[in-house]
Protein chains: 2
Amino acid sequence: MSPEVNDAANDDTCGDPGTVRPGGRTARVRAAVLRTAGDALAEHGFARLDLADVARRADVGKSTVYRRWGTVAGLVADLLTDMAEQSLPRTETGSLLGDLRANAELVRSTLADPRQGALFKAVIAAATTDARTAESLHRFYEIRVAEWAPCVEHAVLRGELPKGTDPYEVIRAVSAPLYYRLLTSDAPLDEAAGARAAEAAAAAAKAGVYT
Amino acid sequence: MSPEVNDAANDDTCGDPGTVRPGGRTARVRAAVLRTAGDALAEHGFARLDLADVARRADVGKSTVYRRWGTVAGLVADLLTDMAEQSLPRTETGSLLGDLRANAELVRSTLADPRQGALFKAVIAAATTDARTAESLHRFYEIRVAEWAPCVEHAVLRGELPKGTDPYEVIRAVSAPLYYRLLTSDAPLDEAAGARAAEAAAAAAKAGVYT
DNA sequence: CAACTAACGAAACTGGAGTCCCTTTATGAG
DNA sequence: CTCATAAAGGGACTCCAGTTTCGTTAGTTG
């Protein structure tokens, strides 16, 4: 199913729809569909998302959506790629704890926001279903983590953390408890939770757990 | 929809199907359906689970499944209730780090197991869709966390941790990075990851983060 | 500014998930 | 053991998500 890469003799311009002629209309359709998909995901969650409804709400032909994205999982994967491209600026406070607190607060406020929180939940749920979607999700988080890793590297250079500390693991340690709470508990994601996440990661890193 | 509790004048024996006459056949059907549902969830994930297929594979009438559980979310909620009842024994090693390591290894090996890991992913995904399912999931984790909280309480009594440490938060801190890795990364959940999770939680707790 | 064609849109079609209704089974009470 | 009925089973029916087809629109190229 779907246009796949054929064995040989296929060196002509044959890509997925949207890649060969990415002109104005195509881009407009993509933007409208992705925005609508985000809204629908945040509203009804991943399971109740059907492409026909997205097409209707985005004022786009139903067959267009099915042709370009095919399945819910495929659409979510593309949405994640789009989200990964929108990079957020990182603040630098000068101390490890300050930086981790800033990161924790950014993550916390995002997840605590009703729309964004629901969207992230839906996207994580979608990734459990489809391998391609999972790959997109993993790449998304890899990019986000990499954006904040320099904070930890600087802390190592300043001597705040032991040499050989894995910067990625420290950043992940900040997010982990927030996501865990979002998914497995109904407790609110308040600012105290964010602060605790940052402090715990800093304490563990200073103890040399992530070397 | 579904038989709900009516306001008044409903004091006769009117419960959801399966509660009034929970005899052999009814219990057998429930067991068969839940087992099959677990298998199907682990195999295809939450999105591709349809009750008709579960009924077929469980050798149970389709209408029976729809009558008793109604929706995929309802079935998963019941499955979670069933899982919560199967309590796992807790080991006690005598030191905080030892206990947390044991807990981490239990969680890690469960999530790393292909079938169990996929099942947990699916169940978490299902909970993002339906409020009742989410409630069941939250209760499940509350029970599991409560089972291990005494380890932390004992550590406080032994003087290993500062007074006023929240036992639940420490136990959650052990699981969080493992679940975060399961859901947002394709890195394997090896034993080192489990050990690190335990050590990080212990270090943070000793630093007084969870007071 | 044509001509070409990639991509979109409208509408008919289809298969299977979910519903309904009636029949059969077997549980639990007397 | 017998009876009343809770619950399961079977199968026809409905409805809509997803597919297919074909005509239309609008980027792209020379």
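Bear in mind that the values here come from a model prediction, so they are computed numbers and not experimental data. A note on names: the letters A, B, ... follow the listed sequences, proteins ahead of strands, and every chain is numbered from 1.
- Between the side chain of R108(A) and the main chain of L189(A), a donor-acceptor pair closer than 3.5 Å is present.
- Among residues two or more places apart in sequence or in another chain, the ring-ring contact (aromatic ring centres under 6.0 Å, His included) test is passed with F46(B) by none.
- A straight line from CG of D59(B) to P of dA8(D) spans 15 Å, rounded to a whole angstrom.
- A donor-acceptor pair under 3.5 Å is absent between the side-chain atoms of S175(A) and the main chain of R172(A), judged by distance alone.
- A close approach under 4.0 Å does not occur between any side-chain nitrogen or oxygen of T64(A) and OP1 or OP2 of dA7(C).
- Whole-Å rounding puts the L75(B) CG to dA17(C) C1' distance at 15 Å.
- R139(A) and E135(A) are joined by a salt bridge, as a carboxylate oxygen and a charged side-chain nitrogen come within less than 4.0 angstrom of each other.
- A sub-4.0 Å separation between OP1 or OP2 of dA7(D) and a side-chain N or O of R30(B) is absent.
- The residues D78(A) and R30(A) are annotated as salt-bridged, a charged nitrogen and a carboxylate oxygen being separated by less than 4.0 angstrom.
- Counting all heavy atoms, side chain and backbone alike, V76(B) lies closest to A126(B) at CG1-CB, 3.8 Å.
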Interface polar pairs with nucleotides 23-25 of chain D, N/O, under 3.5 angstrom:
{"unit_1": "dT25(D)", "atom_1": "O2", "unit_2": "R25(A)", "atom_2": "NH2", "d": "3.0"}

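- In this structure, R68(A) places its CZ atom 17 Å from P of dT19(D), rounding to the nearest Å.
- Atom pair R48(B):CZ and dG18(D):P shows a separation of 11 Å (rounding to whole Å applied).
- Applying the salt bridge (charged side-chain N to carboxylate O under 4.0 Å, His left out) test to residues at least two apart or on different chains, the pairs with a partner in residues 174-189 of chain B are E169(A)-R181(B).
- Side-chain atoms of T133(B) come within 3.5 Å of backbone N or O of A73(B) as a donor-acceptor pair.
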Filtered N/O pairs between nucleotides 18-23 of chain C and protein, under 3.5 Å:
{"unit_1": "dG18(C)", "atom_1": "OP2", "unit_2": "Y66(B)", "atom_2": "OH", "d": "2.8"}
{"unit_1": "dG18(C)", "atom_1": "O5'", "unit_2": "Y66(B)", "atom_2": "OH", "d": "3.3"}
{"unit_1": "dG18(C)", "atom_1": "N7", "unit_2": "K62(B)", "atom_2": "NZ", "d": "3.1"}
{"unit_1": "dG18(C)", "atom_1": "O6", "unit_2": "K62(B)", "atom_2": "NZ", "d": "3.0"}

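- Annotation: salt bridge (charged side-chain N to carboxylate O under 4.0 Å, His left out) contacts involving residues 117-132 of chain A, sequence neighbours excluded, are absent.
- End-to-end axis angle of the helix from dC1(C)-dG30(D) to dG30(C)-dC1(D), using five pairs per end and rounding to 10°, comes to 50°.
- Side-chain atoms of D99(A) come within 3.5 Å of backbone atoms of T93(A) as a donor-acceptor pair (strictly under, hydrogens ignored).
- A donor-acceptor contact under 3.5 angstrom links the side chains of Y179(A) and Y141(A), judged on distance only.
- Checked against dA8(D), dA17(C), dA7(C), the side chain of T26(A) finds its nearest nucleotide in dA7(C).
- With distances taken from any side-chain atom of R28(A) to the nucleotides dG27(D), dT27(C), dA8(D), the minimum falls on dG27(D).
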